[in-house]
Every structure is written in structure tokens, then in C-alpha cells.
Amino acid sequence: MNRILIIFLLIGFYSCGEKQKSEKKAENVEIGKSVSELKDFELLQDFEKNKAEFGTPDTFELNDHSADGGELSVFHDKDFDYIVYDFWLYGETGKLNYTYWTEKNGNMKFKFVKKLNYEYDKPYYEKDYKTDSIIRYLSYSDSKIKLFDINKTEITEPELIEKNKSELESFFRDVTKGIEIIK
């Protein structure tokens, strides 16, 4: 009787372990598939959710691009098919935060960009300065580049789209000259 009970327990434990392994394999395949298909705001959410997995970013000082300096943090990991470049520039009357999601293959092809401008009504070292912020998102996932506001509502004004695209692309090119990411 004890032998039969032991045999049933062993079979039960073995089958539970096999089921968990197969579920983990299925989960990994699903995660791997979905990461490569992420677009637009899904990239932003995926990065925020998995930021810890990227580990410590490569950080570069940006002293020659604004009055009070800045920094660039580059997040990359072999398990993700994108690289995130997070720029901060500080000035007397505001600060900028531009975050770029690019393809990982090394040719710096943009996928998505978040542009966050903080504007102060007077220099930050004066008392009671007030801050206003503007958020824009630029999507490169379709054949046509799209611009969105803070509410994720598409902005369709061609001049505004082109102005933001031009500004963000030239900023990225200018600031990343000479920076090499070692994978």
C-alpha cells in the first residue's frame, strides 16, 4: 500500500513539473514574439514595465548642449529588440527630456520618441517660479510619421509634425555624434 502511494505521488510531482516547464516555454515564446511586434505606446509601457531588466544604463555627460548641463542614459539588453536613449538637458528657464526608442540592429532607425518640455516662467533660482509642461509623441511605426499629444490624440497638422520630426531628429544626430554603444 505504501509503495503504491509513493508511486502515485512521484507520478503526480513529475507531471506537475512537466506542466510547469511547458507553460514557461509557451510564456517565453509569447513574450519573445510580442516584444518584437511592439509599436508606439506599447514600447513605452514595455520599457517602463521591464526597465529593471535593462540593468544600469550607460550614462554620458552632456555639458556642451545647455546652460546647466545634462546627461544621456542608454538602456540596452540582449533580450529586447530596441535600445532606449533618454536625454535630459537642464537650463535656467526649463528642462528637456527626449526619449528615443530605436531598432537594435545598429542603424539607429527610430521606432518611437517621447518629447517632454518643462518651461519655467522665470529662472529656477528665483523664488516661486512656475512650471508648465508639454508632452508630444512621435511614432515611426507606420509608413507615415504620426504626432500625438499628451492624451494620445493624433495631431494632423503637417507643419507641426514636420517641425517636431526635424527638431527631434537633428537633436539626436547632433548630441549622439561620437557616442558608441558597446553591445
Side-chain angles (χ1 to χ4, degrees), residues 31 34-120 124 130-177 179 181 183:
I31 288 171
S34 65
V35 167
S36 65
E37 296 173 359
L38 294 177
K39 292 176 20 175
D40 300 341
F41 296 99
E42 295 170 336
L43 281 166
L44 188 127
Q45 293 168 342
D46 184 69
F47 178 65
E48 290 303 318
K49 183 176 111 182
N50 297 303
K51 195 172 186 177
E53 292 183 42
F54 282 84
T56 305
D58 297 326
T59 304
F60 304 89
E61 298 256 346
L62 302 175
N63 294 324
D64 299 333
H65 298 281
S66 68
D68 290 342
E71 70 178 18
L72 163 61
S73 297
V74 182
F75 298 86
H76 54 95
D77 185 86
K78 63 181 169 62
D79 294 332
F80 294 88
D81 71 339
Y82 58 86
I83 297 174
V84 178
Y85 295 83
D86 191 29
F87 295 88
W88 282 94
L89 295 180
Y90 307 103
E92 290 182 348
T93 58
K95 60 184 173 182
L96 300 174
N97 175 225
Y98 295 165
T99 308
Y100 297 77
W101 283 258
T102 68
E103 290 184 354
K104 191 173 187 171
N105 59 14
N107 64 7
M108 301 288 197
K109 186 175 177 189
F110 298 125
K111 291 181 162 206
F112 190 68
V113 182
K114 176 184 174 188
K115 174 184 173 183
L116 175 55
N117 289 359
Y118 295 97
E119 297 176 359
Y120 311 147
Y124 67 86
K130 299 203 181 351
T131 303
D132 189 22
S133 63
I134 300 169
I135 298 178
R136 296 283 187 261
Y137 302 96
L138 203 59
S139 168
Y140 289 80
S141 63
D142 294 328
S143 59
K144 182 179 140 190
I145 295 172
K146 295 180 181 176
L147 181 66
F148 298 91
D149 67 12
I150 189 171
N151 299 314
K152 301 176 184 173
T153 303
E154 185 174 359
I155 298 170
T156 56
E157 298 170 41
E159 300 83 27
L160 196 53
I161 295 168
E162 184 56 38
K163 178 183 178 228
N164 278 273
K165 175 186 174 293
S166 177
E167 174 189 332
L168 290 166
E169 289 178 2
S170 66
F171 174 84
F172 187 88
R173 274 192 314 273
D174 292 346
V175 176
T176 59
K177 278 183 200 168
I179 294 176
I181 306 301
K183 297 177 184 174

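Position 1 is the first residue of the sequence; numbering continues from there.
For Lys115, the side chain to side chain donor-acceptor pair (under 3.5 Å) partners are Asn164, Glu167, not counting sequence neighbours. Remark: Thr153 engages Asp149, Asn151 in a side-chain contact (heavy atoms from CB on, under 4.5 Å) (not counting sequence neighbours). Considering only residues two or more places apart in sequence or on other chains, Tyr98 meets the ring-ring contact (aromatic ring centres under 6.0 Å, His included) condition with Phe171. In this view, Lys146 and Ser139, Asp142, Phe148, Glu154 satisfy the side-chain contact (heavy atoms from CB on, under 4.5 Å) rule, not counting sequence neighbours. Partners of Tyr140 by ring-ring contact (aromatic ring centres under 6.0 Å, His included), not counting sequence neighbours, listed by chain and number: Phe110.
Once rounded to the nearest 0.5 Å, the distance linking CG of Leu116 with CG of Leu96 reads 8.5 Å. Atoms NZ and CD1, from Lys114 and Ile150 in turn, are 9.0 Å apart once rounded to the nearest 0.5 Å. To the nearest 0.5 Å, atoms CG (Asn97) and CG (Leu89) are separated by 9.0 Å. Atoms CD and CD, from Glu157 and Glu162 in turn, are 13.5 Å apart once rounded to the nearest 0.5 Å. Residue Lys39 holds its NZ atom at 15.0 Å from CG of Asp46, rounded to the nearest 0.5 Å.
For the 3.5 Å distance criterion, the side chains of Tyr100 and Asp86 fail to qualify, holding no donor opposite an acceptor.
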### Message
Does Asp79 form a salt bridge (Lys or Arg N to Asp or Glu O under 4.0 Å) with Lys104? I'd like the steps, not just the answer.
### Response
CA-CA 11 Å; Asp79 294 332; Lys104 191 173 187 171; over 6 Å; no

### Task
Any chance you could lay out the salt bridge (Lys or Arg N to Asp or Glu O under 4.0 Å) test for Glu159 and Lys163, step after step, and finish with the verdict?
CA-CA 6 Å; Glu159 300 83 27; Lys163 178 183 178 228; over 6 Å; no

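The aromatic rings of Phe87 and Phe172 lie perpendicular to each other, with more than 60° between the two planes, well past the 30° mark.
At least one side-chain heavy atom of Trp88 sits less than 4.5 Å from a side-chain heavy atom of Lys95. With contacts defined as side-chain heavy-atom distances shorter than 4.5 Å, the pair Phe80/Glu53 qualifies. Looking at heavy atoms from C-beta onward, Leu62 lies in side-chain contact with Val175 at the 4.5 angstrom threshold. You'll find the side chain of Val74 stays beyond 4.5 Å of the side chain of Val84, heavy atoms only. By the 4.5 Å heavy-atom criterion applied to side chains, Asp40 and Ser141 are counted as neighbours.
Not a single donor-acceptor pair under 3.5 Å links the side chain of Ser66 to the backbone N or O of Gly91. With hydrogens and angles disregarded, no donor-acceptor distance shorter than 3.5 Å links the side chain of Tyr90 to the backbone of Glu71.
Partner of Phe112 under the ring pair (Phe, Tyr, Trp, His ring centres under 6.0 Å) criterion, out of Tyr85, Trp101, Tyr82, Phe47: Trp101 alone. Applying side chain to side chain contact (heavy atoms under 4.5 Å, CB included) to Lys165 and the options Val113, Leu138, Leu160 leaves one that passes, Leu138.
Taking a cutoff of 4.0 Å between a charged side-chain nitrogen and a carboxylate oxygen, Asp81 and Lys111 qualify as a salt bridge.
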Solution key, residues 130-137 side-chain donor-acceptor pairs under 3.5 Å, sequence neighbours excluded:
none

